[in-house]
Amino acid sequence: MLQCTAVTQVPYAETLLALATMEGGPEHPPDVVEPEDFVLCELGDHDESAEHAAHLWTADTPDDRDLWFLWSGTGAHRVHRLDTLRLCPAVLRELATRTVTTCAYFDHHPGPHSFSVTDPLGDLIAEHVHSEVRRLVSGDDTPGTPDGSDVPDTDAP
């Protein structure tokens, strides 16, 4: 499933207060959030009956509670809340590779678990970064794809 594409601005003062007062919060909340920060919904694509959600802070506490920003609606009709929520207990076990992937969302989140949600833009950025690393390791000075095919022809009329 694709990731939701909803984006909204974080309420700066409310977020600073939530970070400063939460158990296991950051020592210096202004280092975590800036006045003009925006967040992207991290959940899988969903209908308007479910709240959008963005993870803001992983608390340093034994009860696995993180700060989440949840919202619905847009513009003047946007309703939001900041809440510390328990982590989702779901895990994906790959028997062939013996890997265990935990869900990165909060408990009782709507839709599929994080390990079933794909972010095409994030995948594209990761592929570009890997391509650049391969290029640098191989010693090729041409930016872009390893064969340099995306470099514009500057000699063309």
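These numbers were taken from a predicted model, which means no experiment stands behind them.
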Minimum side-chain heavy-atom gap L70-L85 below 4.5 Å: yes
F115 and V91, any side-chain heavy atoms less than 4.5 Å apart: no
Approximate separation, where rounding is to 0.5 Å, of T118 OG1 and L2 CG: 4.5 Å
pair R86-D64: side-chain heavy atoms closer than 4.5 Å: no
E48 atom CD, neighbour heavy-atom count above 12 within 6.0 Å: no
Co-members of the apolar cluster containing Y12 [side chain, <4.5 Å]: V10, L16, L19, M22, V32, V33, V39, L56, W57, L67, F69, W71, L82
Short side-chain donor-acceptor distance under 3.5 Å, H55 and T58: yes
Nearest heavy-atom neighbours spanning D66 and A59: OD1-N, 3.2 Å
Basic-acidic side-chain contact under 4.0 Å: R81, E51: yes
L43 side chain near P110 side chain, heavy-atom distance below 4.5 Å: yes
More than 12 heavy atoms from other groups under 6.0 Å of CG on D60: no
Sub-4.5 Å side-chain heavy-atom contact between E94 and R98: no
Pairwise side-chain contact, C103 with H109, heavy-atom cut-off 4.5 Å (strictly under): yes
Minimum side-chain heavy-atom gap C41-Q3 below 4.5 Å: no
Side-chain donor-acceptor pair present, Q9, E36, cut-off under 3.5 Å: yes
Beyond-backbone contact of E23 with R65, side-chain heavy atoms, under 4.5 angstrom: no
Electrostatic pair E127-R134, nearest N-O below 4.0 angstrom: yes
Side chain S116, main chain P112, donor-acceptor under 3.5 Å: no
Residue E34 excluded, over 12 heavy atoms near CD under 6.0 Å: no
Nearest heavy-atom neighbours spanning L17 and T21: O-OG1, 2.8 Å
Criterion side chain to side chain contact (heavy atoms under 4.5 Å, CB included) on W68 and T84, from CA distance to verdict: CA-CA 6 Å; W68 286 82; T84 52; over 6 Å; no
H52-E42 side chain donor-acceptor pair, cut-off 3.5 Å: no
Side chains of T8 and R78, donor plus acceptor under 3.5 Å: yes
Gap between atom OG of S114 and atom CG of D119 - 0.5 Å precision: 12.0 Å
